[in-house]
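Below is one structure; the comments refer to it alone.
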Amino acid sequence: MDEQARAILQRVIRKIPNKKLQTALRAWDHLSSEQLESLDYAQPKWLFLENLISRCEENRLSLKDVTKLEMAYYIDNPSKGTWHAYQLFQAEGDAVSVNFTQFREQLKAHLKDVVRHVSVRTKKLEDGAVWIRIAWGDNFSKPNHLKPTYVVHYLQTSYVFVLNLMSKHKPFLYQALLLSTRHVSIKEAQLSSRSLTAMRDLLMRQYQQVFPTNQERTLKERNAPPSHPSIEKEHAECAERRHQMACEAFGDGVLPKLETAVYKLETKYRGNSNNTLNDKDELFRGVVMFSSSNLLESFRHCVSAGMAEGPVTPLLSSITQKGRNSFVITDKVPGAASQTPAHKA
Amino acid sequence: MALLTPYSKIPELNTATVLLVENEEQFQSRLADAIVQQEKDINVNVRLARKLPLPVENSETRPRIDLVVFIVNLLSERSLQAAESSLSHLGPDYFLGKLCFLVTDARCGAVPQERLLSVRRLAASHHCPVIYAEHQTEDGITMTAMRVLTILKVSAGLSPVATTALYLSTFTRCTFPSDFDED
Amino acid sequence: MLEKAGTAGQEKQKQDHLKELHAAILTLRAKRERLFAETAALKDLKDKLDQGLPLEEEETDDFMQLEQFLLKSRLMQLKDLQTVYHLIGGYNLIESKQGKSVCVSFRTAFEGMYLETYNLEMDLRRTVQISRHNIPPCVPLERLAKEHLQADFKAFLEILSLHLNALAGRKQQVLLIKELIGTVEIIERNQLCNFLVFMCKIQEETEAAVLCTLEYGDLTQCLPTRVTIESENKTLAESPQWKKNQVLLMESPVHSALLTMRKVGSIV
Amino acid sequence: MMANISDLSRVALDSSRDSSGSGSSSRSLRVAESMKKKGETNPFRSALSSLSQVREGTTVKGNDELERNLVVVETIAFGQGLPPEAVSLLLDLALSLRSGTCSRVLKFLIPASVVPQEAIVRGVSWLCVGKMPVNAQVLFLRWVLTVFDLIDCKDHLRAIYGFIFSFVTEENLCPFICHLLYLLTMREHVQPYRVRKLLDVQAKMGRQPYLMQLLALYKVFRPELVSFSVPTRMRTGFKNHNSTWKAALTAVQRKNRAEVMADHSLTVEVKEKPTSRKRKLHHLDVPALSSAFDTNSERKVFRLQELQSFTELIQNIHNIELPAQMGSLLGSSLALHYLDCVQDESAFLRLNFWLGHSLQEEFLLCPADGSLSSLAEASQFLSIILSSQQFLQESFFSTESFLYKFLTVWDGSLLRTHFLDLLSHVPLMPSHYIKVLVFEPLMQLYFTSAVFFKCSVMECLNNMLVKWLTWHSVNALEDGLDISLNSNGTVTMTLSGFMDTIIELVRFVGRLAAEGLRLENCHVLLLSQTLTFYETVCDMFVKYGLPLVIMPPAGVFYPALLATDSLTVDRLGYIMYRYRENLTLAKKQEQQSEQTFHISRNTYQEFNQHLVAMVSCLWNSKSFLPGTGFEIDECLLTQTKVPEYGSRFDLVHHPAFFKYAIEFHQKFWPRRKRVDLASIKVGKYWNWYVEFLFSQGFDGLNDFIQVNTGHSSSSVLCQSLTLFICLSGQCHIED
């Protein structure tokens with residue numbers, strides 16, 4: 001096993017907690033069951049690693065196999081590192097009929113002819129997600145496996161999720177993706193978070209949304225009627241309305257676990273008091289950041305508990321509607337096309 | 001905004017209505033259940049609200065409210081402020097013995113001392129009683145329910161010997177001993 | 001003497017009770033007459049309205065009030081019609097946010113089985129725009145919207161409903177394959193279910209197997225547009241039996257096709 | 001085959017090791033691994049011995065040898081605690097900073113049974129060397145405070161009192177040093193120069209609570225030395241310093257105490273609570289008197305818990321050693337005997353401090369979730385305090401201040417019986433204090449609660465009155481008496497002051513009763529409770545020698561008079577009879593000895609008014625007379641169309657005695673269809689009826705009637721009469 005493989009193995013083993021080590025290695029199934037039994041998983045990590053390396057050398061495992069282990073680790077822990085979402089636009093006619101083998105061949109081919117030394121490894125999961133691990137080298141050096149880029153794409157959808165992509169490799173990836181998915185343009189989707197599953201659910205709308213259809217009934221039954229006929233909740237109706245409004249804006253049931261939402265303000269300060277700030281036409285630049293362990297849940301609670309008044313402001317509801325969590329708010333330029341405050345990318 | 005007044009409607013026979021106002025909406029429903037189970041001979045309506053003023057929509061169906069109970073949770077600062085702001089939406093007649101404060105977590109160490117004092121000062125200035133509730137235990141809740149019912153019966157005019165709410169409040173109003181408090 | 005006094009009282013009581021009953025009967029009968037007259041008038045007015053005949057003068061005075069009733073009943077009829085349409089797999093429109101937006105709910109069904117319901121909220125303020133939906137991303141919603149939305153709203157809803165129903169149907173077929181025919185192994189499929197590859201073993205116990213790939217070019221249909229059969233021994237693929245199977249797969253939903261093939265005995 | 005593969009791999013391990021980073025550690029580790037396999041005998045012993053030979057300045061980082069030994073010793077420490085010699089050895093290692101692992105070692109220094117005194121003395125010497133970093137010093141002192149009870153003997157420690165005292169000037173050691181001094185101080189330690197030192201430290205650092213506490217103790221030993229007045233109410237001076245070791249220490253102690261408990265005798269009174277219970281605030285349960293002491297010090301010091309019998313206590317009462325945990329005194333009666341007769345101020349001070357602290361922590365400032373650790377424990381704790389107070393016939397100051405605070409935040413149901421019992425034991429206080437501290441909060445609770453709470457409050461106040469009256473009758477105070485309102489502030493309570501308080505109490509209860517009966521529609525329970533109270537009040541002069549007569553208000557008297565159950569009317573009769581006795585006695589004494597006190601005129605007037613109302617109503621069947629408390633206007637009465645309304649409440653027609661009247665009537669006129677009660681009041685039947693009535697056990701009413709109407713009826717006569725009546729039951733007398 002060469003130096004890079006050993007380093008990757010050490011990094012992955014250090015990340016996997018002791019309890020999960022056995023299952024991870026068994027899923028990797030590059031070691032025989034006796035070898036797995038002979039390993040003592042309670043040892044301190046650096047001792048365990050030495051034993052593991054010795055067994056890998058017995059099976060003459062190579063760098064390729066170790067990258068498989070690392071990829072399995074990332075697939076099992078989709079919330080390590082920050083993921084960025086990209087959106088593909090203007091699909092060509094046959095974009096709909098791209099299948100996995102076609103996509104994989106074309107992606108590898110396009111990447112190879114752009115960057116001489118690159119190692120691409122793909123894996124298709126049960127739910128249709130295509131995981132791609134790209135180790136970038138450049139014209140002279142071997143692919144650097146210590147800083148791989150992970151790309152996740154769902155075929156026939158226009159969304160791509162990327163983990164630690166360096167800006168200098170961006171154009172190469174863009175071009176390869178466009179060609180292999182038969183789309184014309186690709187853009188940042190202004191959505192980044194630590195949890196891949198949350199971003200996927202948000203963008204591909206895999207959470208329970210509430211529409212003003214006949215679903216009111218289910219909402220009413222949901223909050224338990226008071227236990228006794230002579231007990232009456234005064235604020236019941238408006239609590240109900242607020243809850244309905246909150247669910248329509250942010251969805252019902254379990255919500256995708258976004259952590260942050262960032263608003264960059266490029267607006268003029270229009271404080272009511274006429275102090276010096278607002279007469280200069282200098283822009284009042286500021287960044288507003290909301291963060292919580294489950295941001296959508298806390299927004300929904302604020303609205304349904306009545307802390308946030310009135311209909312939900314488009315600033316907040318556009319997180320779920322547009323599937324974004326970073327916005328640039330500029331002043332409403334008179335005569336601007338869109339009626340909501342202009343959100344420039 | 002119309003003030004809530006106790007004499008705006010004709011009272012129903014042998015019924016009394018209490019309004020529990022709590023900003024956090026935690027303890028009021030359990031207290032309501034206890035009150036309703038506790039009282040057997042007169043029928044008691046309990047209205048739960050987060051804050052005053054009450055929504056106008058159901059003002060017709062709402063029976064005449066004989067007693068307003070402000071539930072103040074000492075662990076949160078907002079609870080007292082919400083109660084204080086709701087006070088301004090009460091008709092003057094409520095301040096003649098038809099208003100009472102119910103404080104939870106009075107015995108808790110984490111509560112800053114002056115918050116309890118400010119509740120008592122507020123109650124004393126409005127000549128209304130303060131009930132301390134042990135809302136964690138079962139018989140604490142039943143005891144609180146019984147005490148609220150005792151005041152409710154008088155303020156709804158259902159006490160056996162005609163006693164006005166104001167007369168009872170002369171005994172039960174919270175006194176705020178300024179100098180001897182710390183002894 | 002007491003008893004008599006008592007019974008006299010009862011006697012008098014009975015008399016005036018009888019009088020009361022008579023009065024009640026009279027009033028009821030009068031009421032019935034009036035109702036008959038009214039319904040008769042209403043009925044012929046309605047017939048006139050249906051045939052669009054001009055109304056006589058004196059009937060128009062209380063016509064305003066009747067008109068409201070009739071409009072209301074018309075509205076109710078239409079609503080019932082809409083819900084029925086929705087029930088048989090069509091779509092249902094509901095107005096929300098005080099007229100500023102409308103919410104369309106598409107109900108999908110396949111072979112008599114109700115499947116998912118998808119919703120779409122459209123903002124009607126200046127131009128009709130899609131504000132919110134929970135349609136799966138693999139459905140080319142943008143493309144359909146660009147083509148049809150501004151031009152013909154009804155056509156857009158129609159074609160979108162077709163797309164959704166077809167998608168649901170295809171998904172259901174794949175599910176049925178797994179449920180009904182265990183021996184067929186699905187090699188590859190995708191979200192839009194417009195590309196399906198599965199392998200089925202031939203009757204004899206030999207390892208020979210046939211690989212069928214189905215492509216659904218037309219996304220509004222549940223039936224594939226192209227079926228290719230591959231196998232190790234070429235002769236098998238060209239055999240007339242498998243030609244018939246190919247046509248079968250083209251014409252009928254894949255799970256029923258496979259069932260018949262199994263009955264016919266061409267696959268295990 | 002498996003074995004050689006692992007050997008093979010080990011060989012491979014060795015060969016390819018040089019490339020990996022930490023070369024030296026893995027080789028020594030392999031050595032340690034093999035050595036561990038050999039030294040199976042006593043790892044703890046070997047680890048300890050190797051730790052002791054640690055030389056100056058060995059590197060800690062990466063030193064696997066030291067690490068392994070520390071881990072072994074640590075597991076033993078947290079398992080069953082360290083034996084004494086191990087404690088002293090490890091303490092020495094830690095404080096000598098040889099190995100630089102001082103705080104780590106201190107953290108797991110959990111003594112199994114006893115801490116040798118020499119270890120502490122050597123520790124203090126290391127402290128004096130002054131090389132230790134400040135946080136190590138603080139940790140060491142906190143450790144000493146935590147294990148203070150386990151130090152086998154304190155006399156050497158007391159010998160180096162001066163050295164410890166010298167650290168008082170250290171800014172951040174001061175709180176711990178004061179607490180340690182507080183526990184060690186004996187009379188001979190209190191020297192003038194030390195008091196001066198403490199005072200100027202206090203001037204420098206301000207009136208810190210721990211300084212005040214220590215000075216208060218000094219003042220107790222040598223009041224003349226410490227001049228300034230200690231504030232009446234001491235905030236809790238010393239905080240609990242045992243947080244780091246508390247959990248481990250209690251676990252180890254509980255395990256060890258389970259074995260030690262078997263052979264200890266003195267803790268006979270305190271039932272040993274089941275040790276399995278999860279306890280957060282462990283200091284709440286009264287600690288058993290089991291702190292270990294050695295007795296070989298030169299002065300024959302007796303540990304309180306060693307004494308078995310009372311005689312033993314008497315013989316060597318002069319050199320008793322107070323246990324560190326003052327709470328333990330509460331449990332054993334022998335200890336209370338000692339406390340009572342020795343009147344050792346410092347013992348009381350420390351007991352009050354511990355009691356106030358635990359009451360405050362347990363009841364007033366309970367944890368954020370507001371739940372009592374467990375109701376059963378809390379009530380048992382209160383009952384122990386109650387029994388101790390009853391034993392000492394005196395209430396602790398700290399419980400008293402706790403009661404007043406708890407009363408202001410009480411909901412009326414929490415530990416009601418215990419709390420009200422304690423409240424009735426509240427010592428005497430001037431009338432103004434009791435009005436503000438007890439009566440106001442109690443009134444707010446009383447009027448917002450149901451009738452059962454009202455009755456329990458009445459009962460509590462009745463007990464309070466009885467206790468005060470008995471206390472007064474025992475030490476009848478002519479001259480002033482200094483009631484120690486709190487431990488040292490004295491408020492002189494004169495006789496008049498005492499009477500003011502009693503008047504205030506009786507007036508207060510009268511008002512509660514009158515309004516309570518109104519609200520509860522003369523609830524029979526409340527009425528009977530009120531009457532028990534007035535049975536005490538009516539006899540204040542005769543029974544307790546207090547020249548005070550207070551009549552029940554109209555709101556109590558008339559509901560009782562017109563009550564529908566005969567027992568109430570009878571008790572009212574008894575009360576009025578006793579009032580009459582008291583007043584006549586007071587009158588007689590007033591004429592004879594012209595004493596200073598005299599019963600005010602309107603008390604007599606009030607009594608007469610009640611008397612007239614009762615006699616005229618019951619006896620002369622002229623109720624609702626003008627001038628009585630319940631006169632009703634004539635025309636109003638005629639409007640009620642009740643025939644002879646006047647006699648409706650006399651002995652025959654009174655609803656309470658209606659049953660007896662009917663029974664009497666049937667006995668005499670069995671066959672008369674229409675019952676005519678008036679006929680009973682004619683001639684001799686009346687006497688017979690009265691006899692019959694009083695034979696039913698209404699002796700209260702009997703005395704009342706006798707005294708007021710001279711209608712004598714000797715009991716013999718009435719027995720014979722009842723006999724006659726039941727005989728006549730069979731035969732028929734024509735009317």
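Order of the sequence lines fixes the chain letters, A, B, ..., with proteins taken first and strands second; residue numbering starts at 1 for each chain.
Within 6.0 Å of the CD atom in B:E60, the count of heavy atoms belonging to other residues, nucleotides or ligands exceeds 12.
For chain D, the nearby part of B:V154 is the side chain; its heavy atoms alone come within less than 4.5 Å. Contacts of B:L116 with chain D are made by side-chain atoms alone, with heavy-atom separations under 4.5 Å and no backbone atom involved. For a residue to count as touching a neighbouring chain, one of its non-hydrogen atoms must lie under 4.5 Å from one of that chain's; by this rule B:T150 touches chain D with the side chain only.
Scanning residues 450-461 of chain D against chain B with a 4.5 Å non-hydrogen threshold yields D:A450, D:F453, sorted by number.
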Inset, instruction - Go through the steps for B:T175 and D:Q444 under the test side chain to side chain donor-acceptor pair (under 3.5 Å), then give the verdict. - result: CA-CA 9 Å; B:T175 52; D:Q444 289 163 26; 3.0 Å; yes
Inset, instruction - Go through the steps for B:F171 and D:E515 under the test side chain to side chain contact (heavy atoms under 4.5 Å, CB included), then give the verdict. - result: CA-CA 9 Å; B:F171 302 112; D:E515 295 309 332; 3.3 Å; yes
Legend entry - side chain to side chain donor-acceptor pair (under 3.5 Å) between B:D139 and B:T142, intermediate numbers included: CA-CA 5 Å; B:D139 46 20; B:T142 27; 5.5 Å; no
Legend entry - Check against salt bridge (charged side-chain N to carboxylate O under 4.0 Å, His left out), D:K435 and D:E504: CA-CA 8 Å; D:K435 211 150 79 66; D:E504 187 61 42; 5.2 Å; no
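Only one option out of B:N14, B:T15, B:L13, B:L152 pairs with B:I42 in a side-chain contact (heavy atoms from CB on, under 4.5 Å); it is B:N14.
The aromatic rings of D:F406 and D:W410 sit tilted, their planes meeting at an angle between 30° and 60°.
Ranked by non-hydrogen atom pairs under 4.5 Å with chain B, the options D:R518, D:R511, D:M443 are led by D:R518.
The stretch residues 90-103 of chain B participates, sequence neighbours left out, in no side-chain hydrogen bond (donor to acceptor under 3.5 Å, both in side chains) pair at all.
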